[in-house]
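Notes for the one structure printed next.
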Amino acid sequence: MDSALINEIKCFVIETLNLEDMTADEIDTDAPLFNDGLGLDSIDALELGVALQKKYGIKLQSDAAENRAHFASIAALAELVSHQRKQ
């Protein structure tokens with residue numbers, strides 16, 4: 001995976017969710033975004049989903065089963081953005 005894209009997604013998450021006390025280096029690329037990992041909640045997921053759609057033009061269905069996989073980690077989000085860019 002492209003390390004520049006990974007870093008971009010980390011910074012995007014920090015900026016979007018106002019995680020000012022955190023740096024991109026502190027976020028584990030493969031750690032879960034929710035619960036034990038970064039500790040995000042469903043409101044954060046909604047905010048992040050809307051921001052991803054605006055910035056990257058990603059189409060997300062609110063009830064789609066694959067959303068859980070897309071939002072599993074920074075690596076999964078980067079994969080989603082990378083895939084979207086290729087289309």
Side-chain angles (χ1 to χ4, degrees):
M1 179 56 62
D2 179 7
S3 61
L5 179 58
I6 294 280
N7 199 54
E8 179 183 328
I9 297 295
K10 287 180 179 182
C11 292
F12 175 74
V13 168
I14 290 169
E15 181 182 314
T16 300
L17 302 178
N18 299 317
L19 305 174
E20 294 100 2
D21 57 339
M22 197 167 241
T23 67
D25 292 337
E26 294 174 315
I27 299 175
D28 182 343
T29 303
D30 298 309
L33 293 179
F34 300 92
N35 302 322
D36 294 339
L38 203 52
L40 303 183
D41 61 24
S42 58
I43 302 297
D44 295 326
L46 186 61
E47 269 187 72
L48 204 49
V50 169
L52 282 165
Q53 290 179 51
K54 285 181 182 174
K55 179 167 180 148
Y56 297 105
I58 293 169
K59 302 286 185 243
L60 297 168
Q61 302 300 320
S62 61
D63 58 349
E66 64 268 10
N67 286 349
R68 184 176 291 273
H70 293 323
F71 286 85
S73 65
I74 294 294
L77 283 176
E79 185 66 36
L80 174 65
V81 170
S82 176
H83 179 74
Q84 184 71 27
R85 286 179 172 173
K86 290 176 185 172
Q87 292 184 341

Nearest-0.5 Å distance, CG of residue Leu33 to CG of residue Leu38: 6.0 Å
Heavy-atom pair of closest approach, residues Gly57 and Gln84: O-NE2, 3.4 Å
Main-chain N/O of Thr23 paired to Glu26 side chain as donor or acceptor, under 3.5 Å: yes
CG on Leu60 to CG on Leu52, rounded to 0.5 Å: 6.5 Å
Closest heavy-atom pair and its distance - Phe71, Phe34: O-CE1, 3.3 Å
Validation: residues 40-50 side-chain donor-acceptor distances under 3.5 Å, sequence neighbours left out:
from, atom 1, to, atom 2, distance (Å)
Asp41, OD1, Ile43, N, 3.1
Asp41, OD1, Asp44, N, 2.9
Asp44, OD2, Asp41, N, 3.0

For Cys11 against Ala24, the heavy-atom pair lying closest together: SG-CB, 4.1 Å
Atom of Thr29, atom of Ser73 and distance for their closest heavy-atom approach: O-CB, 3.6 Å
Spacing of CD1 belonging to Ile27 relative to CG belonging to Asp30, to within rounding of 0.5 Å: 12.5 Å
With sequence neighbours excluded, residues passing side-chain contact (heavy atoms from CB on, under 4.5 Å) with Leu5: Met1, Asp2, Glu8, Ile9, Ala78, Val81, Ser82, Arg85
Heavy-atom neighbours of Gln53 CD exceed 12 at 6.0 Å: yes
Gap separating the NZ atom of Lys55 from the OG1 atom of Thr16, nearest 0.5 angstrom: 7.5 Å
Expected output: side-chain Lys10 to main-chain Ile74 donor-acceptor under 3.5 Å: no
